[in-house]
Each structure stands twice: as C-alpha cells, then as structure tokens.
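Sequence positions, counted from 1, serve as the residue numbers for this chain. Each ligand, and each atom within it, is numbered from 1 in the order the structure gives.
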Amino acid sequence: MILPELVFATNNKHKTEEIGKLLVNQYKVLNLKDIGCDVDIPETGNSFAENAELKSSYVTENFKLDCFADDSGLEIDALDNEPGIYSARYSGVRDDLENLNLVLKKMEGKANRKAHFKTVISLNQNNKNYLFEGVIYGHITQTPIGDEGFGYDPIFMPIGYDRTFAQMSMTEKNEISHRAIAMKKLIAFLKEQV
Ligand code: ITT
C-alpha cells in the first residue's frame, strides 16, 4: 500500500510518536530529520496559529513539500492565559519539571484553577494554507500526579476525569487530547482531498 507523504515539521519526539499512532495506515509522516532539515525554525509569532504557520511555511518554501506543523500550549485562566505560546520555556529553560513547578508556584492560593490545552495545526497543501484547532478543558492540580506523557501532563486534569493526563496511557490521552482533536480535523480534511 502506497501511503501519501506529508512532512510534520517538529523536533519533538513525544509528539511525533503520539501523532504517528493517530495517523497509522493513513499517511506516511516524515519529520524534519527525515527530510534533512536540522534548522530550529524560529517561533516568533504572537499566537499558536502564527507559530504553526511559520513552521509549515518554512518547510514548504525551502523544501517544496506539503507540510503541516502544530503549535500547542497550556492556557490558564487565572494567569491571563499564560504560559500560552511560552509553554515550552516558561521558566526560561526547556525543562518540563521547572516549567511545571513555576506554574504551581504562580497558582498558589488561586481559587480558579481552570485551564485548557490548545493546539493549532497549519497545513500547507497544494499552495493553500488551512488551520485546524483543538482544545481540551480541565483544571490545574495542587501537585504533580502521574509519570506518563510530557510537559504539563502531571498537573492537568481534564473535565470528566479524576486522573491527570500523566496518569493516562498514551492511547487514552490520544483519544481526548487537544492535539488529537486538531489532528482528527486535519485527517478528516485530508481524506476529503483524496
Ligand atoms: P515543536 O515546536 O518542535 O513541535 P514543542 O515542544 O515546542 O515542539 P508544542 O509547541 O506543541 O511543542 O508545545 C509547547 C509546549 O506546551 C510543550 O513543550 C509542553 O510544555 C506544552 N504542551 C503541549 N502539548 C502538551 C501536552 O499534550 N501535554 C503536556 N504539555 C504539553
């Protein structure tokens, strides 16, 4: 079976692994390494959408390939939607534990612990650009719980669950996550194009 190829412009191994499982048997997803792109594409936009577009456009313009890219992050109501586009380096360094601890520190004494994860995917296909969004709502726990996943998973508990993302298997998280919601929209769209 020949699968259509698409570049996924990311360097994040966890995300490639998660998305690979969502797309299995549907698309051959190439990552930046596969196409010989070792540039850390600058994410200088002011929103998830702008950053996703910057990444997908870099690949399409420089490698002449159809490509999708995502930008995601955690937005917390009581922190004016921080860490938002700064999620990966909220503490100043790209370190999940430090970032998560900074969030918990800033949330000390806050009664409103509502938060959501958001993903925006930018797809460049046949010289057109499309955006897909996924959001999951929940709250920030008082302490980290669970060892699965990555990033802020140990302190995010989705609505309707009594476990954090980090207490869920990858399969379970993939059924409900912000990235999964956006990816499902992307996949549905791509299927229509065939
Ligand atoms: P690329 O830009 O290379 O794709 P990244 O780590 O910047 O990788 P994102 O832009 O998607 O990935 O996410 C930014 C940060 O938001 C990420 O480093 C985590 O701290 C957090 N984050 C995003 N999705 C998450 C998830 O599903 N679970 C926990 N944290 C997440």
Side-chain angles (χ1 to χ4, degrees), residues 7-22 29-35 37-59 67-76 79 81-104 115-123 131-141 144-158 161 163-184 186:
V7 180
F8 178 27
T10 182
N11 288 309
N12 183 318
K13 277 188 205 158
H14 299 279
K15 282 167 46 177
T16 313
E17 203 184 330
E18 283 188 3
I19 280 175
K21 291 202 177 183
L22 288 170
V29 180
L30 306 171
N31 63 27
L32 291 175
K33 210 173 161 197
D34 295 327
I35 61 165
C37 177
D38 54 10
V39 176
D40 194 9
I41 304 166
E43 295 178 38
T44 50
N46 289 315
S47 63
F48 296 125
E50 278 181 25
N51 283 336
E53 280 181 51
L54 282 172
K55 287 190 274 188
S56 62
S57 298
Y58 182 92
V59 171
C67 172
F68 67 93
D70 77 333
D71 197 35
S72 317
L74 178 67
E75 295 187 322
I76 302 174
L79 302 182
N81 276 343
E82 283 188 12
I85 56 170
Y86 306 107
S87 292
R89 294 175 175 271
Y90 194 41
S91 63
V93 285
R94 202 179 247 281
D95 183 304
D96 284 351
L97 200 59
E98 293 211 19
N99 293 337
L100 168 163
N101 282 330
L102 179 59
V103 165
L104 287 181
H116 54 272
F117 273 116
K118 187 185 280 182
T119 293
V120 178
I121 295 174
S122 165
L123 167 70
L131 294 177
F132 306 89
E133 187 176 288
V135 183
I136 180 158
Y137 294 92
H139 74 269
I140 301 299
T141 54
I145 318 167
D147 305 311
E148 303 294 325
F150 69 102
Y152 301 94
D153 282 346
I155 58 168
F156 182 81
M157 196 173 281
Y161 292 80
R163 287 165 300 134
T164 66
F165 264 177
Q167 290 176 290
M168 297 180 184
S169 66
M170 190 187 288
T171 310
E172 192 176 4
K173 180 183 163 190
N174 264 343
E175 279 163 16
I176 59 169
S177 80
H178 47 306
R179 192 168 301 104
I181 294 167
M183 281 300 298
K184 278 177 195 158
L186 170 74

Scan residues 42-53 for pairs that pass salt bridge (charged side-chain N to carboxylate O under 4.0 Å, His left out), counting only residues two or more places apart or in two chains. Glu43-Lys55
Is ligand 1 less than 4.0 angstrom away from at least one heavy atom of Asp153? yes
Arg89 to ligand 1, any heavy atom closer than 4.0 Å: no
With heavy atoms only and a cut-off of under 4.0 Å, state how Phe156 meets ligand 1: side chain, backbone, both or neither. neither
Atom indices of ligand 1 within 4.0 angstrom of His178 heavy atoms, with elements: 24 (N), 25 (C), 26 (C), 27 (O)
Has Gly149 got any heavy atom lying under 4.0 angstrom from an atom of ligand 1? no
Please give me the minimum heavy-atom distance between Arg179 and Asp70, naming the atom from each residue. NE-OD2, 3.3 Å
Tell me the closest heavy-atom pair linking Glu148 and Asp153, and the distance in Å. O-CB, 4.2 Å
Apply side chain to side chain contact (heavy atoms under 4.5 Å, CB included) to the pair Tyr161 and Ile176, showing each step before the final yes or no. CA-CA 11 Å; Tyr161 292 80; Ile176 59 169; 3.4 Å; yes
Minimum distance, heavy atoms only, to atom 14 (C) of ligand 1: which one of Pro154, Ser72, Ala9, Gly73 is it? Ser72
Proximal ligand 1 atoms for Lys173, defined as those under 4.0 Å from one of its heavy atoms: 26 (C), 27 (O), 28 (N)
Taking atom 20 (O) of ligand 1 as the point of reference, which of Phe48, Tyr152, Phe165 owns the nearest heavy atom? Tyr152
Quick check: do Gln167 and Ile145 have side-chain heavy atoms less than 4.5 Å from each other? yes
